[in-house]
Amino acid sequence: MSVQDAERKNAPVLLDVKGLEVAYGKAQVIHGVDFQVRKGEFVALLGRNGAGKSTTLHALSGLIPKKAGVVRFKDRDISRLEPREIVREGIVNVLEGHRVFTGLTVEDNLLLGTYAKKSSGDGSKLDRIYALFPEIGERRHQLASRLSGGQQQILAVGQGIIANPHLLILDEPSGGLAPIVVDRILKVAKELCDSGIAILLVEQLVREALKFSDYCYLVETGRIGGEGTAQEVRSGELIKRIYLGG
Ligand SMILES: Nc1ncnc2c1ncn2[C@@H]1O[C@H](COP(=O)(O)OP(=O)(O)OP(=O)(O)O)[C@@H](O)[C@H]1O
Ligand SMILES: [Mg+2]
């Protein structure tokens with residue numbers, strides 16, 4: 001065990017997924033996935049298209065049923081909670097592909113992320129998001145339908161951040177974005193992580209993911225095919241399997 005691994009084992013577990021199995025009808029696509037996110041950690045799930053990353057995220061967020069397995073968050077079994085209850089526990093999942101309400105303004109989309117009535121603190125929360133992502137700040141009063149696909153994606157990430165999660169899940173935030181914007185989103189995620197919010201990232205841009213994450217799991221056809229610290233993955237055999245798709 002490396003020093004980094006030993007340090008990791010000492011950090012309290014925030015999210016604990018054990019024996020997760022998921023099927024779409026008769027087709028089982030997740031076959032017993034185990035992984036953890038520890039307090040203050042930035043974890044990446046990597047793997048080829050169709051490996052089961054999004055399915056895993058959907059299942060732990062309560063958006064699709066689990067065939068088997070237990071999900072614990074902050075030492076509580078959340079396996080049977082409704083999606084909104086899971087959000088209330090502090091897990092916010094920014095889904096793959098931008099899903100914002102195009103008929104609402106940018107600002108109203110963000111306020112939806114606070115899922116509460118307008119409160120006096122919302123102004124500063126909004127300002128924080130606009131400071132992080134000026135491109136949506138400039139368009140705060142425009143309908144989201146007038147944003148580009150990339151800007152909508154940024155708005156979706158802003159919606160996730162403004163919800164004040166304890167664990168922020170980002171499923172391929174890079175989709176359709178210029179590399180420089182991806183870098184900025186992941187930098188923001190890293191800053192959130194440094195301020196105590198754990199991050200669970202799925203990303204096809206392996207190099208970017210490894211640059212910002214502490215620990216990685218390789219998902220291969222519905223199973224965890226390997227794991228290690230970002231440094232171990234970068235310098236070991238696993239990186240080849242990640243690139244070659246297992
Ligand atoms: N709604 C669905 N109904 C049936 N099968 C599905 C459904 N969603 C995904 N699948 C299948 O489940 C498997 C895992 O898909 P999933 O979307 O979890 O992969 P992924 O790792 O997120 O891939 P990508 O990197 O392309 O986003 C794939 O074989 C896919 O075809
Ligand atoms: Mg996916």
Side-chain angles (χ1 to χ4, degrees), residues 15-37 42-71 78-79 82-83 86-87 91-100 149-150 152-157 159-160 165 167-179 181-183 185-186 189 198-213 215-228 230 233 238-246:
L15 175 77
D16 191 10
V17 177
K18 269 211 177 76
L20 180 68
E21 295 182 31
V22 183
Y24 293 108
K26 285 195 184 130
Q28 184 158 347
V29 297
I30 303 298
H31 307 273
V33 157
D34 296 344
F35 72 95
Q36 283 142 14
V37 179
F42 194 134
V43 171
L45 294 185
L46 304 172
R48 69 192 295 179
N49 294 124
K53 306 176 298 294
S54 298
T55 300
T56 299
L57 300 181
H58 289 160
L60 75 88
S61 306
L63 299 169
I64 53 171
K66 300 167 213 46
K67 190 171 177 224
V70 176
V71 180
I78 60 161
S79 314
E82 295 288 323
I86 293 175
V87 173
I91 300 181
V92 172
N93 191 346
V94 179
L95 299 169
E96 190 175 8
H98 46 81
R99 312 257 166 97
V100 295
Q152 290 185 23
Q153 177 72 4
I154 292 172
L155 179 57
V157 173
Q159 242 177 5
L167 172 67
L168 178 64
I169 300 178
L170 299 171
D171 191 352
E172 288 192 37
S174 68
L177 292 177
V181 185
V182 177
D183 207 64
I185 288 183
L186 294 184
I199 305 286
L200 178 57
L201 169 74
V202 164
E203 192 42 78
Q204 292 291 340
L205 301 176
V206 174
R207 205 142 47 113
E208 285 289 306
L210 289 175
K211 187 162 125 195
F212 292 99
S213 57
Y215 202 82
C216 304
Y217 293 90
L218 170 60
V219 183
E220 287 178 327
T221 51
R223 293 182 176 82
I224 299 297
E227 60 180 271
V233 169
L238 212 51
I239 191 78
K240 288 185 203 144
R241 279 173 47 202
I242 291 171
Y243 275 118
L244 297 176

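Order of appearance sets the numbers: ligands from 1, and atoms from 1 within every ligand. Treat the numbers as computed from the prediction; the structure is a model and nothing was measured. These numbers come from the heavy atoms of this one structure, side chains and all, not from hydrogens, waters or symmetry mates.
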**Asked** When you measure from atom 17 (O) of ligand 1 to every protein heavy atom, which one gives the shortest distance, and what is it?
**Response** S54 CB, 3.9 Å
**Prompt:** Hey, which atoms in ligand 1 end up nearer than 4.0 Å to a heavy atom of E172?
**Reply:** 24 (P), 25 (O), 27 (O)
**Request:** Examine all N, O or S atoms of S54, backbone included, and report whether one is under 2.8 Å from the Mg ion (ligand 2).
**Result:** yes
**Message:** Just so I know, are the side chains of V94 and Q159 near enough to count as touching, which here means a heavy-atom distance under 4.5 Å?
**Reply:** no
**Message:** Quick test: of every protein heavy atom, which one is nearest to atom 14 (C) of ligand 1, and how far off is it to 0.1 Å?
**Reply:** G50 O, 3.4 Å
**Message:** Within the structure provided, determine whether Y24 and I64 are in side-chain contact (heavy-atom separation under 4.5 Å).
**Reply:** yes
**Prompt:** What part of N49 sits under 4.0 Å from ligand 1 if we count only heavy atoms: the side chain, the backbone, both or neither?
**Reply:** both
**Prompt:** Is atom 31 (O) of ligand 1 less than 4.0 angstrom from at least one protein heavy atom?
**Reply:** no
**Asked** Has H58 got any heavy atom lying under 4.0 angstrom from an atom of ligand 1?
**Response** no
**Prompt:** Can an N or O of G52 be found at a distance shorter than 3.5 Å from an N or O of ligand 1?
**Reply:** yes
**Complete:** Of all protein heavy atoms, the one nearest atom 12 (O) of ligand 1 is V29 CG1, 3.4 Å
**Request:** Report yes or no: does a heavy atom of G47 sit under 4.0 Å from some atom of ligand 1?
**Result:** no
**Item:** Separation of L238 CG from C216 SG (nearest 0.5 Å)
**Value:** 8.0 Å
**Request:** Report the C-alpha distance between I86 and V71 in whole Å, list the side-chain angles of each, state the deciding distance to 0.1 Å, and finish with yes or no for side-chain contact (heavy atoms from CB on, under 4.5 Å).
**Result:** CA-CA 11 Å; I86 293 175; V71 180; over 6 Å; no
**Per-atom contact, atom 6 (C) of ligand 1, protein heavy atoms, under 4.0 angstrom** = yes
**Fill in**
Closest to atom 27 (O) of ligand 1 among protein heavy atoms sits E96 OE2, 2.9 Å
**Non-hydrogen side-chain atoms of I91 and I169 separated by less than 4.5 Å** = yes
**Atoms in ligand 1 with a heavy atom of Q204 nearer than 4.0 Å** = 25 (O)
**Request:** Establish, from distance only, whether the side-chain atoms of E203 and S174 form a donor-acceptor pair under 3.5 Å.
**Result:** yes
**Request:** Check all N, O or S atoms of E96 and name the one closest to the Mg ion (ligand 2).
**Result:** OE1
**Request:** For the residue pair Y217 and V33, establish whether any side-chain heavy-atom pair is separated by less than 4.5 Å.
**Result:** no
**Item:** Protein contact of atom 16 (P) of ligand 1 - nearest heavy atom, named by residue and atom, plus distance
**Value:** T55 OG1, 3.5 Å
**Under 3.5 Å donor-acceptor, K18 side chain and Q36 backbone** = no
**Request:** Could you list the residues that satisfy salt bridge (Lys or Arg N to Asp or Glu O under 4.0 Å) with K211, not counting sequence neighbours?
**Result:** D183, E208
**Asked** Can you find a pair of side-chain heavy atoms, one from L186 and one from P173, that are under 4.5 Å apart?
**Response** yes
**Complete:** Nearest non-hydrogen protein atom to atom 10 (N) of ligand 1, with distance, is Y24 CE1, 3.3 Å
